[in-house]
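Values below: all heavy atoms of this structure, side chains included; hydrogens, waters and symmetry mates excluded.
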Protein chains: 2
Amino acid sequence: MEGVRKTMRLTTKGRYAVTAMMDLAIHEVAGPVTLTDIASSQNISLSYLEQLFANLRRAGLVKGMRGPGGGYRLACPAADISIAKIIVAVDDKVDATRCGGKGDCQDGEPCLTHELWVDLSRQLYEFLDGISLGDLTQWPCVQDVAARQDARDGRHVAAGRGANPN
Amino acid sequence: MEGVRKTMRLTTKGRYAVTAMMDLAIHEVAGPVTLTDIASSQNISLSYLEQLFANLRRAGLVKGMRGPGGGYRLACPAADISIAKIIVAVDDKVDATRCGGKGDCQDGEPCLTHELWVDLSRQLYEFLDGISLGDLTQWPCVQDVAARQDARDGRHVAAGRGANPN
DNA sequence: CAATTCCCGAGTGGATTAGTCGGGTATAAG
DNA sequence: CTTATACCCGACTAATCCACTCGGGAATTG
């Protein structure tokens with residue numbers, strides 16, 4: 001009867017998007033980052049990344065630049081981009097309720113546990129909205145992983161050898 | 001608590017289970033509650049409810065009593081049953097993530113954002129584990145909804161009509 | 001020009017969800 | 001003892017969703 005409503009959308013889609021955005025935030029000091037680089041470094045399919053970045057672009061979080069030497073950059077400072085914004089951009093909504101926030105979960109009235117899911121959604125959103133890409137790049141464990149990946153892939157986070165600093 | 005941190009999935013399955021358990025917590029003062037009652041009051045399919053309660057029973061959260069006058073009761077006081085327990089009981093499929101329990105998310109090493117998701121999972125779990133069925137029944141909005149449903153369905157939360165108070 | 005890179009829509013296989021169906025088995029009431 | 005109630009159980013299914021592919025295009029650089 002009422003089988004239409006979703007899971008709270010915290011899926012690998014959102015995780016991929018955040019991971020990719022982190023790659024971008026870490027490496028963009030050296031110029032635009034190509035999806036091909038992100039795909040191989042983070043081990044995400046290129047075509048899938050393109051879909052995610054289409055959403056991120058529509059949400060105004062990144063800017064694409066075509067042609068050789070092109071790639072993606074953040075559309076605003078990493079400190080201004082919260083994790084919540086990224087997830088909302090690719091997954092529609094961070095929402096744990098079945099009715100999408102309005103209390104029509106059951107025959108036009110709120111269900112017994114409506115308020116619980118509203119609270120949960122808020123809790124979750126506030127947590128994810130309180131962490132920015134910029135914050136995340138400062139986490140020691142993140143820097144460790146980034147350093148290891150860059151060594152493996154031969155990339156450089158500091159403005160090293162010139163991949164065209166436009 | 002046992003060692004590993006669980007990634008919990010939040011689906012309508014979990015929501016149904018919590019809602020049904022709330023119905024149980026509210027009405028069990030009048031004796032066992034039948035799944036038929038819950039199904040019609042909460043508008044959940046009976047057969048589906050049976051599946052959910054099979055899990056809840058295996059998890060030791062409810063006790064079934066057969067025969068006329070039977071139904072389900074909570075296996076322990078409502079104050080001792082957290083929302084998290086209920087959701088874990090029905091959604092036990094812990095690992096939907098690419099990074100299973102440990103940080104093997106990417107070629108045997110943690111991915112860039114591994115720590116973030118670990119933190120998020122903990123946040124979520126702690127929130128849901130900090131709320132018990134007993135707590136929830138005290139929320140004013142919940143009592144409002146329950147009263148409205150009982151009026152509609154002709155049920156009584158206080159030990160009203162004599163359904164065999166064993 | 002050709003190469004690179006972003007851009008876009010349609011389609012697909014597999015997994016999961018939400019739910020059905022058709023049987024049981026224990027228990028209470030008559 | 002019989003019958004109705006209500007829990008118990010496993011197999012099946014339609015629909016949905018996710019992660020991903022495919023095939024093409026359009027802008028930009030050298």
Side-chain angles (χ1 to χ4, degrees), chain A residues 1-17 19-20 24 31-40 42-59 61-73 75 87 90-93 98 163-166, chain B residues 9-17 19-20 24 31-40 42-58 62-73 75 87 90-98 105 162-166:
Chain A
M1 332 211 107
E2 185 138 13
V4 195
R5 199 67 201 183
K6 324 158 177 212
T7 62
M8 178 193 60
R9 316 186 131 221
L10 279 178
T11 73
T12 50
K13 198 168 170 185
R15 277 198 300 275
Y16 277 167
T19 304
L24 199 54
V33 180
T34 69
L35 292 189
T36 309
D37 279 349
I38 297 179
S40 77
Q42 306 304 330
N43 198 29
I44 308 175
S45 117
L46 176 59
S47 305
Y48 197 39
L49 264 184
E50 288 185 332
Q51 281 180 41
L52 299 183
F53 272 77
N55 288 323
L56 295 171
R57 205 176 61 86
R58 278 181 220 116
L61 297 180
V62 297
K63 277 183 298 195
M65 317 171 79
R66 305 202 221 197
Y72 278 98
R73 329 196 69 148
I87 293 181
V90 297
D91 271 342
D92 296 332
K93 237 181 185 173
R98 147 160 79 132
N164 178 350
N166 253 344
Chain B
R9 297 190 304 176
L10 286 178
T11 74
T12 50
K13 199 169 173 183
R15 278 196 296 273
Y16 279 165
T19 304
L24 200 52
V33 180
T34 69
L35 293 189
T36 308
D37 280 349
I38 298 179
S40 78
Q42 305 304 331
N43 199 26
I44 307 176
S45 117
L46 176 59
S47 305
Y48 197 40
L49 264 184
E50 288 186 331
Q51 282 180 42
L52 299 183
F53 271 76
N55 289 321
L56 295 171
R57 205 175 61 85
R58 278 181 219 114
V62 297
K63 276 183 301 194
M65 317 170 78
R66 306 202 219 195
Y72 279 98
R73 327 197 70 147
I87 293 181
V90 297
D91 269 339
D92 52 3
K93 232 45 179 169
V94 177
D95 164 51
T97 73
R98 162 176 265 217
C105 351
N164 179 351
N166 251 343

Which whole-number value in Å describes the distance from [X] [atom1] to [N] [atom2]?
| X | N | atom1 | atom2 | value |
| --- | --- | --- | --- | --- |
| B/Leu24 | D/dC7 | CG | C1' | 14 Å |
| B/Leu49 | D/dC8 | CG | P | 13 Å |
| A/Gln51 | C/dC8 | CD | C1' | 10 Å |
| A/Leu56 | C/dC8 | CG | C1' | 15 Å |
| B/Lys13 | C/dT16 | NZ | C1' | 9 Å |
| A/Tyr48 | C/dG11 | OH | C1' | 15 Å |
| B/Asn55 | C/dT17 | CG | P | 12 Å |

All side chain to side chain contact (heavy atoms under 4.5 Å, CB included) counterparts of [X], not counting sequence neighbours:
| X | value |
| --- | --- |
| A/Ser47 | A/Ser45 |
| B/Ala75 | B/Lys63 |
| B/Arg66 | none |

Between the protein and nucleotides 3-7 of chain C, which nitrogen or oxygen pairs are less than 3.5 angstrom apart?
{"residue": "C/dC6", "atom": "OP1", "partner": "A/Leu35", "partner atom": "N", "Å": "3.0"}
{"residue": "C/dC7", "atom": "OP2", "partner": "A/Tyr72", "partner atom": "OH", "Å": "2.3"}
{"residue": "C/dC7", "atom": "N4", "partner": "A/Glu50", "partner atom": "OE1", "Å": "3.3"}
{"residue": "C/dC7", "atom": "N4", "partner": "A/Glu50", "partner atom": "OE2", "Å": "3.2"}

* Going by the angle between their ring planes, with limits at 30° and 60°, are A/Phe53 and A/Tyr72 parallel, tilted or perpendicular? ->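 A/Phe53 vs A/Tyr72 ring planes: tilted.
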
To the nearest 0.5 Å, atom NZ of B/Lys13 lies from atom CD1 of B/Ile87 at 12.0 Å

**Request:** Rounded to the nearest 0.5 Å, what's the gap from OG1 on A/Thr34 to CG on A/Leu24? Could you check?
**Result:**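 Between A/Thr34 OG1 and A/Leu24 CG, I get 10.0 Å after rounding to 0.5 Å.
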
Q) Taking OP1 and OP2 of D/dC18, is either one under 4.0 Å from a side-chain nitrogen or oxygen of A/Tyr16? A) no

